[in-house]
Undergrad: 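Starting off with a structure, shown below.
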Amino acid sequence: LHRGATDREFLLSAHICHPSLANDNCSGLALLATIAAGLRGRRTRYSYRFLFAPGTIGALAWLSRNEDAAARIDHGLVVSCVGDGGGPTYKRSRRGNAFIDRAMAHVLGRGHDGAKLVDFSPYGYDERQFCSPGLNLPVGLFQRSAFGTFPQYHTSADDLDFIRPEHLAGSHRIVMEAIEIVEGDWTPLSLCPKGEPQLGRRGLYAALGGNKATGLSAMGLLWVMNLADGENSLLAMAERSGLAFGELAAAAELLRTHGLVTDAADPGRP
């Protein structure tokens, strides 16, 4: 458990019951171990729980012994088969429109040719345990090639020659982008809602500077200002505008710095 500022949790789970299979088991273990190591020195809003357990019986045993912890899970991913060149593939949680479902859809919808989003079904990996009706946790399944769809699946050909570092790195980026959305989402509230505030005299156009590396654009500023009614979080703005979450997050932070928006959850926050 990586402890964050709150006790609300993001669950990341991988199964360990087939340790000789490079893609089906070990790629998920390696990916989550790397993410855990990266979070160790970082201050986070959420707490991150990493669960390594045999498929099915491991998840059931953990849930049986940790109902209090399970009740604190706000987001979750089961991770497996993340080292091959297929997909990527995301299977939605039983809820279908949980925050993690929307975050993963946003990430995979930007620059990932061949990405697949599939609806929940009660057949698969441990997401079906976390999504059982008595729990209904917001936990989806992230893979590259979906289980059972590649000829190496559950055979001795699922070895280290089948997985590639670049595919593991790509999977790492996808999960970390989802984590950044979970960590960075908030709901802007405009402090100048009656008409569009002039950006030039506030120095905001100068702040853009034409530098793409800043992740800022005039459209990002305009979308945030227009949707900052206290009802739309940054992820909702990204979904509606088609812009990247990071671009809108940067725009919202700039607008907050210049006193044009505040956090709807804490209007007194500067």
Side-chain angles (χ1 to χ4, degrees), residues 1-63 65-84 87-91 93 98-101 103-104 107-108 124-127 129-131 135 137-144 147 160 163-185 245-246:
L1 179 66
H2 166 77
R3 296 193 182 278
T6 74
D7 66 354
R8 305 306 300 175
E9 294 187 8
F10 192 137
L11 172 70
L12 292 154
S13 175
H15 57 287
I16 60 173
C17 45
H18 296 82
S20 65
L21 301 182
N23 197 40
D24 183 34
N25 262 202
C26 292
S27 67
L29 302 177
L31 179 64
L32 295 193
T34 302
I35 290 173
L39 291 177
R40 177 180 291 175
R42 175 176 169 178
R43 296 179 63 183
T44 59
R45 178 169 56 161
Y46 282 89
S47 296
Y48 289 79
R49 184 175 298 276
F50 294 84
L51 179 62
F52 301 87
T56 305
I57 193 171
L60 289 171
W62 185 84
L63 287 166
R65 297 177 180 182
N66 296 277
E67 286 197 42
D68 289 345
R72 295 193 293 270
I73 295 171
D74 285 347
H75 318 283
L77 287 173
V78 173
V79 176
S80 181
C81 301
V82 289
D84 71 293
T89 304
Y90 177 70
K91 175 185 173 183
S93 72
F99 190 91
I100 189 63
D101 300 327
M104 289 297 291
V107 172
L108 294 188
Y125 285 174
D126 284 338
E127 74 285 348
Q129 310 306 334
F130 300 118
C131 293
L135 298 163
L137 297 175
V139 177
L141 171 65
F142 172 59
Q143 304 181 297
R144 296 197 70 91
F147 66 90
L160 291 176
I163 62 175
R164 305 305 305 162
E166 59 269 25
H167 302 320
L168 282 167
S171 297
H172 181 271
R173 285 192 296 271
I174 288 170
V175 176
M176 286 306 303
E177 285 184 41
I179 288 175
E180 295 299 340
I181 292 174
V182 165
E183 286 290 313
D185 194 56
F245 178 90

Undergrad: Quick check against the 3.5 Å criterion: does Ser13 have a side-chain atom that pairs as donor or acceptor with the backbone of Val78?
TA: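 It does not hold such a pair.
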Undergrad: Report yes if the side chains of Ile100 and Met104 come closer than 4.5 Å at any heavy-atom pair, otherwise no.
TA: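 Yes, close enough: below the 4.5 Å cut-off.
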Undergrad: Restricting to non-hydrogen atoms, name the atom on Phe10 and the atom on Ile179 that form the minimum distance, rounded to 0.1 Å.
TA: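 Where Phe10 meets Ile179 most closely, the heavy atoms are CE1-CG1, 4.1 Å.
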Undergrad: Partners of Ser93 by side-chain contact (heavy atoms from CB on, under 4.5 Å), sequence neighbours excluded?
TA: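 Here the qualifying residues are Arg95, Ala98, Asp101, Cys131.
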Undergrad: Any idea how Tyr48 and His2 line up, ring-wise: parallel (<30°), tilted (30 to 60°), or perpendicular (>60°)?
TA: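 It falls in the tilted class, 30° to 60°.
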Undergrad: Would you find a donor on one side and an acceptor on the other, under 3.5 Å apart, between the side chain of Ser47 and the backbone of Asp7?
TA: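 Absent.
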Undergrad: Answer yes or no: is there a side-chain heavy-atom contact under 4.5 Å between Phe142 and Ser171?
TA: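 When only atoms from C-beta onward are counted, Ser171 and Phe142 do touch, with a gap below 4.5 Å.
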Undergrad: Say whether, by atom type as modelled, one donor and one acceptor occur between the side chain of Asn23 and the main chain of Ile163 under 3.5 angstrom.
TA: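 Here the side-chain-to-backbone pair does not exist.
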Undergrad: Take Asp126 and Thr56, measure what side chain to side chain contact (heavy atoms under 4.5 Å, CB included) needs, and give me the verdict at the end.
TA: CA-CA 6 Å; Asp126 284 338; Thr56 305; 4.2 Å; yes
Undergrad: Taking side-chain contact (heavy atoms from CB on, under 4.5 Å) as the definition, give me every residue that meets it alongside Ile16, ordered by chain and number, with sequence neighbours left out.
TA: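 Result, side-chain contact (heavy atoms from CB on, under 4.5 Å) vs Ile16: Leu29, Phe52, Pro54.
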Undergrad: Is it true that a side-chain atom of Arg8 and a backbone atom of Arg45 form a donor plus acceptor pair closer than 3.5 Å?
TA: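 It does not hold such a pair.
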Undergrad: Please give me the minimum heavy-atom distance between Leu108 and Pro88, naming the atom from each residue.
TA: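 Closest pair (atom of Leu108, atom of Pro88, distance): CD2-CG, 3.6 Å.
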Undergrad: Could you tell me whether Glu166 and Arg144 have a side-chain N and a carboxylate O separated by less than 4.0 Å?
TA: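 Looking at Arg144 together with Glu166, the answer is no, because their closest N to O distance does not fall below 4.0 Å.
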Undergrad: Can a donor-acceptor pair be found, under 3.5 Å and without considering hydrogens, that links the side chain of Asn66 to the backbone of Trp62?
TA: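 Yes; judged by distance alone, with no hydrogens or angles, the pair exists.
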Undergrad: Between Asp24 (side chain only) and Cys81 (backbone N and O only), is there a donor and an acceptor less than 3.5 Å apart?
TA: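 No, the answer is negative, given that no donor and acceptor are paired below the 3.5 Å cut-off.
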Undergrad: Shortest non-hydrogen contact from Glu183 to Tyr46?
TA: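 Taking every non-hydrogen atom into account, OE2-N, 3.1 Å.
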